[in-house]
*Asks:* 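Below: one structure in structure tokens.
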Amino acid sequence: MKYNRIYNFSAGPAMMPEEVLEEIAAEMMNYHGSGMSVMEMSHRSDTFQTILNQTEESLRQLMHIPDTYEVLFIQGGGTLQFAMVPMNLMKNGVACYVETGAWSQKAIREARKYGDVRVIASSADRNFTYIPDCSDLDIPDNADYVYICENETINGTTYSRLPNTKGKILVSDQSSMFLSRPCNVEDYGLIWAGLQKNVGPAGMAVVIIRRDLLREDLPTFVPTYLNYKTHADAGSLYNTPNCWAIYCCGKVCRHLLKNGGLEVMDARNREKAALLYDFLDKSRFFTCAVEPQDRSLMNVPFFTPSPAQDAEVVAAAKAAGFENLKGHKSVGGLRASIYNAMPREGVEALVNFLRMTEASFQ
Ligand SMILES: *Cc1c(COP(=O)(O)O)cnc(C)c1O
């Protein structure tokens, strides 16, 4: 390997495409003849405005985002969206949440500060190892929106079909699946994603919001910065944005466009995930607790027969160049995050390693 890089299975910040990192490195000292790097550049300069426009344009092309939606780049990572969503979208003060794991629970806890939160479906009864049936939910008439975490990074679940929201707008946290497969934006009122899982550096969220949901009349306690309309009106330049993350996001979007777009990513991601799940399902040493139809293609939690053996395998994996396979502390076991930038060879190498490890324990 040219750079001595390792296979990094971190849930985030996570791997980025090597070609993108090479381009960024080549542009580091003198971006397009500007004599400076993007990190040093005024966010009010024409050069940066072009970067911002191109990033938005590439994202719109990749996801086929209609003109009726705004694309916003907002700081505060993913977590700030747990508060911004209820602050901006609770008109009647009532919202419905589906509880599928750690990240939807965080969203629920935060939203409760701002209104009446109804948990209309939950998979807590079986440790969040499945997605509850969302075809006929009890949604009150005055609910402002229905909220889901579409891919639970920690628990390893994803929706194979979106909830029936009975006419209410759907809000989705797509952080750990953003740009991993095609997405029909018009099914949603608002999609948001923290970038560091599948796209780029940490510290920023992309928000895709239907224009008619932007509001002037928010409660006065809402800081100016936390109104989506502030960012829409200012073209994501209300204050100094995370210029570096925007630049990297644009690079990744163009890389995906060049490589066939989201349909191609989806096919690759399905193949990669199948390699790992097939191995785990056949294994007599490793197990995967998530229901097959609800399994995430991005985050794969799995277990050995005991926590002691989990730890042994994680340590042996690290020594063999497979980094960050320890499961989240709330779930235990191991977890392999296999986002867009994880090459198929990385998953094949991991499966081979796990196969050898399994043999050594028997
Ligand atoms: C990582 C993650 C977040 C939080 O992102 P931060 O940028 O760390 O605040 C929220 N939701 C999901 C699904 C995530 O995976």
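All values reported here derive from a predicted model rather than from experimental measurement. We count ligands from 1, going down the list as the structure has it; atoms in each ligand are counted the same way.
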*Asks:* Is the His231 to Tyr225 ring centre distance short of 6.0 Å?
*Replies:*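 Yes, they do, as the ring centres are separated by less than 6.0 Å.
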*Asks:* Tell me whether the guanidinium CZ or amine NZ of Lys251 lies under 6.0 angstrom from the six-membered ring centre of Trp244 and within 45° of its axis.
*Replies:*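 Negative - Lys251 is either too far from the ring of Trp244 or too far off its axis.
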*Asks:* With Glu70 as reference, evaluate Arg210, Arg60, Arg211 under the salt bridge (charged side-chain N to carboxylate O under 4.0 Å, His left out) test and give the passing residue.
*Replies:*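 Of all the options given, the one that passes is Arg211.
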*Asks:* Look at ligand 1 and say whether Ala202 reaches it with a heavy atom at a distance under 4.0 Å.
*Replies:*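 No.
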*Asks:* In this structure, are over 12 heavy atoms from other groups packed under 6.0 Å from Glu216 atom CD?
*Replies:*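 Atom CD in Glu216 is not crowded, with 12 or fewer foreign heavy atoms closer than 6.0 Å.
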*Asks:* May I ask you to check if ligand 1 and Thr79 share an N or O to N or O distance below 3.5 Å?
*Replies:*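 By distance alone, the answer is yes.
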*Asks:* Side chain, backbone, both or neither: which part of Phe82 comes within less than 4.0 Å of ligand 1 when only heavy atoms are counted?
*Replies:*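 For Phe82, the contact with ligand 1 is made by the side chain alone.
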*Asks:* Under the side chain to side chain donor-acceptor pair (under 3.5 Å) criterion, do Ser330 and His328 qualify, and how do the steps go?
*Replies:* CA-CA 5 Å; Ser330 65; His328 189 269; 2.8 Å; yes
*Asks:* Contact between ligand 1 and Gly194 is defined here as a heavy atom of the residue under 4.0 Å from a ligand atom; is it met?
*Replies:*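 The answer is no: ligand 1 sits nowhere under 4.0 Å from a heavy atom of Gly194.
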*Asks:* Any luck finding a side-chain donor-acceptor pair between Asn184 and Asp187 under 3.5 Å?
*Replies:*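 Judged by distance alone, the side chains do pair up.
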*Asks:* Is Asp173 in polar range of ligand 1, meaning some N or O pair under 3.5 Å apart?
*Replies:*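 Between Asp173 and ligand 1, an N or O pair is found under 3.5 Å apart.
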*Asks:* Provide the number and element of each atom of ligand 1 under 4.0 Å from a heavy atom of Gly77.
*Replies:*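 The atoms of ligand 1 under 4.0 Å from a heavy atom of Gly77 are 7 (O).
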*Asks:* Would Arg161 count as a cation-pi partner of Tyr159, with NZ or CZ less than 6.0 Å from the six-membered ring centre and within 45° of the ring normal?
*Replies:*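 The answer is no, since Arg161 fails at least one limit relative to Tyr159.
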*Asks:* Give the atoms of ligand 1, by number and element, whose distance to some non-hydrogen atom of Cys149 is under 4.0 Å.
*Replies:*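 Every atom of ligand 1 under 4.0 Å from some heavy atom of Cys149: 13 (C).
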*Asks:* Check each heavy atom of Lys106 against ligand 1 and say whether those closer than 4.0 Å belong to the side chain, the backbone, both or neither.
*Replies:*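 No part of Lys106 is near ligand 1 at this cut-off.
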*Asks:* Do the side-chain N and O atoms of Thr100 and Glu152 include a donor-acceptor pair separated by under 3.5 angstrom?
*Replies:*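 Glu152 and Thr100 do have a side-chain donor-acceptor pair below 3.5 Å.
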*Asks:* Compute the minimum heavy-atom distance from Gln196 to ligand 1 and say whether it is under 4.0 Å.
*Replies:*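 For ligand 1, residue contact (heavy atoms, under 4.0 Å) with Gln196 is present.
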*Asks:* Considering non-hydrogen atoms of the protein only, which is the closest contact for atom 14 (C) of ligand 1, and what is the distance?
*Replies:*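 Among all protein heavy atoms, the one nearest atom 14 (C) of ligand 1 is Lys197 NZ, 2.8 Å.
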*Asks:* Under 4.0 Å from a heavy atom of Thr153: which atoms of ligand 1 are those, numbered in the order shown and with their elements?
*Replies:*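 What qualifies from ligand 1 is 12 (C), 13 (C), 14 (C), 15 (O).
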